[in-house]
Amino acid sequence: MIHSLFLINPSGDIFLEKHWKSVVSRSVCDYFLEAKEKALEPEDVPPVIHTPRHYLISIYRDKLFFLSVIQTEVPPLFVIEFLHRVAEMIQDYFGECSETVVKDNMVMVYELLEEMLDNGFPLATESNVLKEMIRPPTILRSVVNTLTGTSNIGDTLPTGQLSTIPWRRAGVKYTNNEAYFDVVEEIDAILDQSGTTVFAEIQGVVGACVKLSGMPDLTLSFMNPRLLDDVSFHPCVRYKRWESERVLSFIPPDGNFTLMTYHVNAQNLVAIPVYVKQSISFFESGSGGRLDVTVGPKQTMGKTVEGVMVTVHLPKTILSVNLTATQGSYTYDNGTKLLVWDIGKLNPQKLPNLRGSLSLQAGAPKPEENPSLNIDLKIQQLAISGLKVNRLDMFGEKYKPFKGVKYITKAGKFQVRT
Amino acid sequence: MVCSVSICAGEIFELKAELNSDKKEKKKEAVKKVIASMTVGKDVSALFPDVVNCMQTDNLELKKLVYLYLMNYAKSQPDMAIMAVNTFVKDCEDANPLIRALAVRTMGCIRVDKITEYLCEPLRKCLKDEDPYVRKTAAVCVAKLHDINAQLVEDQGFLDTLKDLISDSNPMVVANAVAALSEIAESHPNSNLLDLNPQSINKLLTALNECTEWGQIFILDCLANYTPRDDRESQSICERVTPRLSHANSAVVLSAVKVLMKFMEMLPKDLDYYGTLLKKLAPPLVTLLSAEPELQYVALRNINLIVQKRPEILKHEMKVFFVKYNDPIYVKLEKLDIMIRLASQANIAQVLAELKEYATEVDVDFVRKAVRAIGRCAIKVEQSAERCVSTLLDLIQTKVNYVVQEAIVVIKDIFRKYPNKYESVIATLCENLDSLDEPEARAAMIWIVGEYAERIDNADELLESFLEGFHDESTQVQLQLLTAIVKLFLKKPTETQELVQQVLSLATQDSDNPDLRDRGYIYWRLLSTDPVAAKEVVLAEKPLISEETDLIEPTLLEELICHIGTLASVYHKPPSAFVEGSRGVMHKRLPLGGDIGGSPAMGAGFGAAPAVMPASLNAPVGGGLGDLFDLGGGVGMPMGAYIPPKTVWLPAMKAKGLEISGTFARRAGVIQMELILTNKAMSVMTDFAIQFNRNSFGLAPAGPLQVLTPLGPNQTIEVSLPLSTVGPVMKMDPLNNLQVAVKNNIDVFYFSCQYPISMLFVEDGKMERQVFLATWKDIPNDNESQFQIKDCHLNSDAASSKLQGSNIFTIAKRTVEGQDMLYMSIKLSNGIWVLAELRVQAGNPNYTVSTGTGEGRRTTLLKEREI
């Protein structure tokens, strides 16, 4: 199982190590650092590396490398999933996942890691269970602790760990009982030069924030569950009910969690909310080129498109740009060759346009590669797939909870080719 | 790059004082500081006694901190660590189950032999604890202890207790017991620790629904090792596993896919459920591709296997494999590979449009692979070849150096698949001759020029231009250039005589590369002795290349499918090939489907159990002699030479699906090689032929291999091949080793096997008594050897007649002091005589054999080695 964990920052310093079995020398990370040197971007480091005696499985997240060492045949997905849990746990406890935060809370992180694995076997990875054993730091609590000498560590048995619903702790109590659901959809798309959709799909997430007392049993139903043919659920969802009635029936964890993710596939037609008219061309002589980009609304279901942003990865030989935007502002970073045009809200009456000239480094030939555009956007109160929540019912408790549903559509990996 | 962090003495001193403070708070803060130093890799082991002193406390946090410290440093301070034992033992009796579990858990992490002795009793109690939380912690502790001291765990009977926990009422305990047993089983491949039967399977399936996501992974991986009794059981397990495909944890999903892919094999294809299951597999695999890139990578490596095994699952999902601009490079390359595997006539237009798009990207490696992919599409989908070629030509027009080179390499392959179809493009290719600087591209271009020399007017000029820098070229290019010029010469002999002279002399006289020189000489001799033959050889029609070249070989694929989700599936290698920790992994096979017959029972009809070999005897003939005795056992049995049971000589994995097993026999004075050929590949095998390498006794096939009908998939054929002993002789090591080459329409395969020397014993091996006596005396002492055959319950007469069946002849017999002495002679096929004395004592099952030969050095060798 998982032998050791190293946390490494982008410059290659190891700032935390944890061993669940015998101690493995940190020199094992050299193989990883070598691979990291070779990769152009930190994202490009291969996730599974074979060394003579160990396997190194790593993830890159929040600008940190989480590197685990294993010695026997362990499912790599198991390890990668676990590493993401570690990152989520740090985020959950300390509000962000960064080197500073880990260094400031070194001992608590270490204690948490100890609770998460035993001999490399996952022990407690549910945030609810962990929080019962090791309380997250708050300013108030650390003051109280210093004054009274009490500790952050719970000394009762975490009840959730034994019940068949390990995700929920017992004895939850709220004065305001509320349950909010967020339906967030991201459009992943590739549009070709002429604006035709090469590929498009929707990744949906139903996130929940449930603060309900006791042991509520919830049922969430949709207006059009037929859309959902490819779903994955939080362990709390009863699969049989979904199979037979297409409703989500579950006893929720306490607090924030992801209830369901779904995937609306390329076979169904995916609405593309914006169109992009662009032309980026370079002169044959190789001295420079022109750029002209216009963005306009397409299938928006009558909603406003906000937060529109266009990112262009310009060729390496570009020296500078000289552009004018009719709306919003643009920035160009010559180091990364990234041109970012922040448009904001899309006004159908007056389409935003960015145009001007590009100049190349002296003597550089006409660039070979075609730049590619990435689009960011946001539409409030709309799930672009058309998914709608019908109703939420609660059983098992007597009180009346506040309920709410919010929809939002965003661009995921939304790419326009030139 | 990584440097160890040091801690200064003053700091240690300060911490020491704080640790020994009377105030609890101060103590705790001090321990925290120590732990903090430890986590960043500073060495704080000097504080060991002071920290351990803080262990006896009611404060749970302090206790946990001290435990953390202990686990890290106990190994370096084993004597000190003993101090902690008492507290541990006491904590294991604590009223609070959390403390009990914590104590047993920590104790297992202290890798000190002395401590493990004390651990056994508390562990035994905790395994039977009333609280499931303690039981589940104890289960993992058994795995820890096993890692430290495997013998102790076995002696104490913990493995049996662990097996009992599989039937525990609590699902979490079941999952942990399975996990612990799986880990232990990995170091004991044959221990049958996870002996699954329908009852335990049912328990596991029940626990599967209720345990944590990690527990589900352990249980699913364990289920995958089970072989259901029939298709009905297989279906019912599949039905209960399918809901896991919708789990949020990708590792659970992939483990479930593994179980389903394996058990599906047993379902009849016409079953409705089979179709339903196929449909259910696609969405979860697609969903994995929207996860984080690292998860995507592992998923893609596995999907690569799945689409090779069952292309129907994802055949409509081509688009999800389209590469996105910000995918990491390792994801891009994997997606590309799968796109080609899914390419078919139906979607080829889309695929080609995408590939052309990728060919203009920034990343050079990716662009190259995309260009290569276009070529692979052309070879795979015949209807698309023309479009692929025109796409490649478009790309050549871009004049981007590496794109052009890569395109030329793949066009060469297209020519090899579709000869005489696209040669019109050669002119365009020739325009780019000067820009080629990579050996592979140069070699490809030269091959094209040579192969189509008759259609290229200035072929001689083109090739001549390469010749100038002949010695600076890589071997690949040199070899190709040599062949191409010879081809050119054979096609246009008049104009190119000078050129061919030049290249032959460059290759043979000025080069120190043996391959190049040899090839040069061969061409030279061929051309000078028999130009017609040269033409036949050099310009012979070549077999077409096929799309299958990049597919994983079927037996390996089957094994990898059984390892979906593991490292093996990421590396596409069987675990035995790379997992160091797995000592002797067993090869896993997919269960056989209902409509496929079992493989023929090996060695059936050769009833003799393997002989018990005398320990002192490792030489094969000695063993062979032992075997001779063992056969039959009763006198009434038909007499005949001993035939060893058939063994597998060439496993299908090494021979692209052809499995060969066989044995040797001597029948009516003729040595025969009896072979069973089994076709385990998907395609039909034809054109079998066999050859032997030179060997010690000059064995050679006396006729061709009689496989007249093509061998279809899953077909088996038995052939017997008569052998002669007049072939070329070369001493082998061991002496009875035989190297064999078998050829079929797919490839040539090599293997070696050992024949029993006894089959070389000829029928006229009975020596005259007088000659025997004289020879026996003449045998020098060094040529003699003695050994014993144990546990042979035949009397001397029975032994004698039995041995005669194998052409070992008794010349004389005498009885001295209750011992029967048999004198025997053997003649080998190469005329060497071997004489033997066999002593049999009535009632004693052990025989003593003294042997010797009278011949010169070579027989000495034979005797020492073999008898």
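Residue numbers start from 1 in every chain, and the chains themselves are labelled A, B, ... in the order their sequence lines are given, proteins ahead of strands.
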**Proximity breakdown for A/D192 and chain B, heavy-atom pairs closer than 4.5 Å** = neither
**Request:** Apply side-chain contact (heavy atoms from CB on, under 4.5 Å) to the pair B/E292 and A/I59, showing each step before the final yes or no.
**Result:** CA-CA 9 Å; B/E292 286 82 0; A/I59 63 164; over 6 Å; no
**Message:** Under the criterion side-chain contact (heavy atoms from CB on, under 4.5 Å), I'd like the reasoning laid out for B/F321 against A/F199: C-alpha separation, chi angles, the key distance, then a yes or no.
**Reply:** CA-CA 10 Å; B/F321 299 102; A/F199 157 84; over 6 Å; no
**Prompt:** Hey, which of A/V237, A/L113, A/T125, A/L40 has the most heavy atom pairs under 4.5 Å with chain B?
**Reply:** A/T125
**Fill in**
Most contact-rich option vs chain B, by heavy-atom pairs under 4.5 angstrom, among A/E43, A/Q193, A/Q415, is A/Q415
**Asked** Run the salt bridge (charged side-chain N to carboxylate O under 4.0 Å, His left out) check on A/R417 and B/E354 step by step: do they pass?
**Response** CA-CA 11 Å; A/R417 289 173 178 164; B/E354 278 297 300; 2.9 Å; yes
**Request:** Please assess B/S250 against A/E81 for the test side chain to side chain donor-acceptor pair (under 3.5 Å), listing each intermediate value before the final yes or no.
**Result:** CA-CA 7 Å; B/S250 60; A/E81 281 277 356; 2.7 Å; yes
**Message:** Between B/L62, B/D363, B/D147, B/I217, who has the most heavy-atom pairs with chain A when the cutoff is under 4.5 Å?
**Reply:** B/I217
**Request:** Against chain A, work out which of B/K33, B/Q216, B/Q350, B/M71 has the most heavy-atom pairs shorter than 4.5 Å and name it.
**Result:** B/M71
**Request:** Sort A/E126 into side chain, backbone, both or neither according to what part of it lies under 4.5 angstrom from a heavy atom of chain B.
**Result:** side chain
**Message:** For B/P328, is there any backbone N or O sitting under 3.5 Å from a side-chain donor or acceptor partner on A/D44?
**Reply:** no
**Request:** Pick one of side chain, backbone, both or neither for A/Q203, based on which atoms fall under 4.5 Å of a heavy atom in chain B.
**Result:** side chain
**Prompt:** Given B/T137 and A/D118, is the side-chain contact (heavy atoms from CB on, under 4.5 Å) satisfied, shown in steps?
**Reply:** CA-CA 8 Å; B/T137 314; A/D118 175 22; 4.1 Å; yes
**Prompt:** Less than 6.0 Å separating the ring centroids of B/Y325 and A/H313?
**Reply:** yes
**Complete:** Bottom line for B/V323: the part with an atom under 4.5 Å from chain A's heavy atoms is backbone
**Message:** Restricting to non-hydrogen atoms, name the atom on A/T72 and the atom on B/L567 that form the minimum distance, rounded to 0.1 Å.
**Reply:** O-CD1, 4.2 Å
**Message:** Salt bridge or not between B/K64 and A/E115? Use side-chain N to carboxylate O under 4.0 Å.
**Reply:** yes
**Interchain contact, A/E243 with chain B, by part (heavy-atom threshold 4.5 Å)** = side chain
**Asked** Heavy-atom distance under 4.5 Å to chain A: side chain of B/L295, backbone, both or neither?
**Response** both
**Prompt:** Does some side-chain heavy atom of B/D221 sit less than 4.5 Å from a side-chain heavy atom of A/P75?
**Reply:** yes
**B/V286, part contacting chain A, at a heavy-atom distance under 4.5 Å** = both
**Request:** List the atom of B/Y571, the atom of A/I49, and the distance in Å for their closest heavy-atom pair.
**Result:** OH-C, 3.6 Å
**Prompt:** Between B/K280 and chain A, which part of the residue has a heavy atom less than 4.5 Å away: side chain, backbone, both or neither?
**Reply:** side chain
**Request:** Select, from A/E41, A/K21, A/H84, the one with the greatest count of heavy-atom pairs under 4.5 Å involving chain B.
**Result:** A/H84
**Message:** Can you tell me which of A/V198, A/L16, A/T258 forms the most heavy-atom pairs within a distance under 4.5 Å of chain B?
**Reply:** A/V198
**Asked** Can you tell me if A/Y239 uses its side chain to pair, donor with acceptor, with the backbone of B/H247 under 3.5 Å?
**Response** no
**Request:** Please state whether the side chain, the backbone, both or neither of A/I190 comes within less than 4.5 Å of a heavy atom of chain B.
**Result:** side chain
**Item:** Side chain, backbone, both or neither of B/E213 within contact of chain A (heavy atoms, under 4.5 Å)
**Value:** side chain
**Asked** Is the closest side-chain heavy-atom distance between B/T212 and A/P122 below 4.5 Å?
**Response** no
**Prompt:** What part of A/V109 lies closer than 4.5 angstrom to a heavy atom of chain B: side chain, backbone, both or neither?
**Reply:** neither
**Fill in**
Scanning both residues in full, the closest heavy-atom pair of A/E201 with B/V320 reads OE1-CG1, 3.8 Å
**Complete:** Looking only at B/I148, B/V570, B/I329, B/N249, most heavy-atom pairs under 4.5 Å shared with chain A are made by B/N249
**Message:** For a ring pair (Phe, Tyr, Trp, His ring centres under 6.0 Å) check, start with the C-alpha distance between A/F121 and B/W214, then their side-chain angles and the critical distance, and finish with the verdict.
**Reply:** CA-CA 8 Å; A/F121 296 104; B/W214 313 108; over 10 Å; no
**Asked** Any idea which heavy atoms bring B/P284 and A/D230 closest together, and the distance?
**Response** N-OD1, 4.1 Å
**Region of B/T398 that comes under 4.5 Å of a non-hydrogen atom in chain A** = neither
**Message:** To the nearest 0.5 Å, what is the distance between CH2 on A/W20 and SG on B/C109?
**Reply:** 11.5 Å
**Prompt:** Between A/R85 and chain B, which part of the residue has a heavy atom less than 4.5 Å away: side chain, backbone, both or neither?
**Reply:** side chain
**Item:** B/L68 portion near chain A, given a 4.5 angstrom heavy-atom threshold
**Value:** side chain
**Item:** Test item: A/H263 and B/S290 side chains (from C-beta on) under 4.5 Å apart, heavy atoms
**Value:** yes
**Request:** Tell me, for A/K316 versus chain B, whether the close heavy atoms (under 4.5 Å) come from the side chain, the backbone, both or neither.
**Result:** side chain
**Message:** Is there a side-chain contact (heavy atoms from CB on, under 4.5 Å) between A/K413 and B/D327? Walk through the geometry before answering.
**Reply:** CA-CA 9 Å; A/K413 288 179 174 170; B/D327 284 335; 3.3 Å; yes
**Prompt:** OG of A/S372 to CD of B/E357: how many Å apart, nearest 0.5 Å?
**Reply:** 9.0 Å
**Message:** Using a 4.5 angstrom heavy-atom cutoff, name the option from A/K18, A/E114, A/E186, A/K103 with the most pairs to chain B.
**Reply:** A/E114
**Fill in**
Of A/L83, A/N119, A/V48, the largest count of non-hydrogen pairs under 4.5 angstrom with chain B goes to A/N119
**Request:** Check whether B/P243 gets within reach of chain A through its side chain, its backbone, both or neither, counting any heavy atom under 4.5 Å.
**Result:** both
**Message:** When you measure from the side chain of B/E294 to the backbone of A/S58, do you find a donor-acceptor pair of N or O atoms at a distance under 3.5 Å?
**Reply:** no
**Prompt:** Is a side-chain donor or acceptor of A/E111 paired with a backbone partner of B/L65 at a separation under 3.5 angstrom?
**Reply:** no
**Request:** Looking only at non-hydrogen atoms, find the nearest pair between B/R105 and A/L117 and report the distance.
**Result:** NH2-O, 4.0 Å
**Asked** Which one, B/A251, B/S246, B/P283, leads in non-hydrogen pairs under 4.5 Å with chain A?
**Response** B/S246
**Item:** Closest non-hydrogen atom pair, B/T566 against A/E73
**Value:** CB-OE2, 3.1 Å
**Fill in**
Under 4.5 Å to a heavy atom of chain B? For A/Y262 that would be neither
**Message:** Which atoms of B/Q296 are under 4.5 Å from chain A, going by heavy atoms: the side chain, the backbone, both sets, or neither?
**Reply:** side chain
**Request:** Name the region of A/M1, side chain, backbone, both or neither, that has any atom closer than 4.5 Å to a heavy atom of chain B.
**Result:** both
**Message:** Between B/Y67 and chain A, with a heavy-atom cut-off of 4.5 Å, which part of the residue counts as in contact: side chain, backbone, both or neither?
**Reply:** neither
**Message:** Can you tell me which portion of A/S25 sits under 4.5 Å from chain B's heavy atoms? Options are side chain, backbone, both or neither.
**Reply:** neither
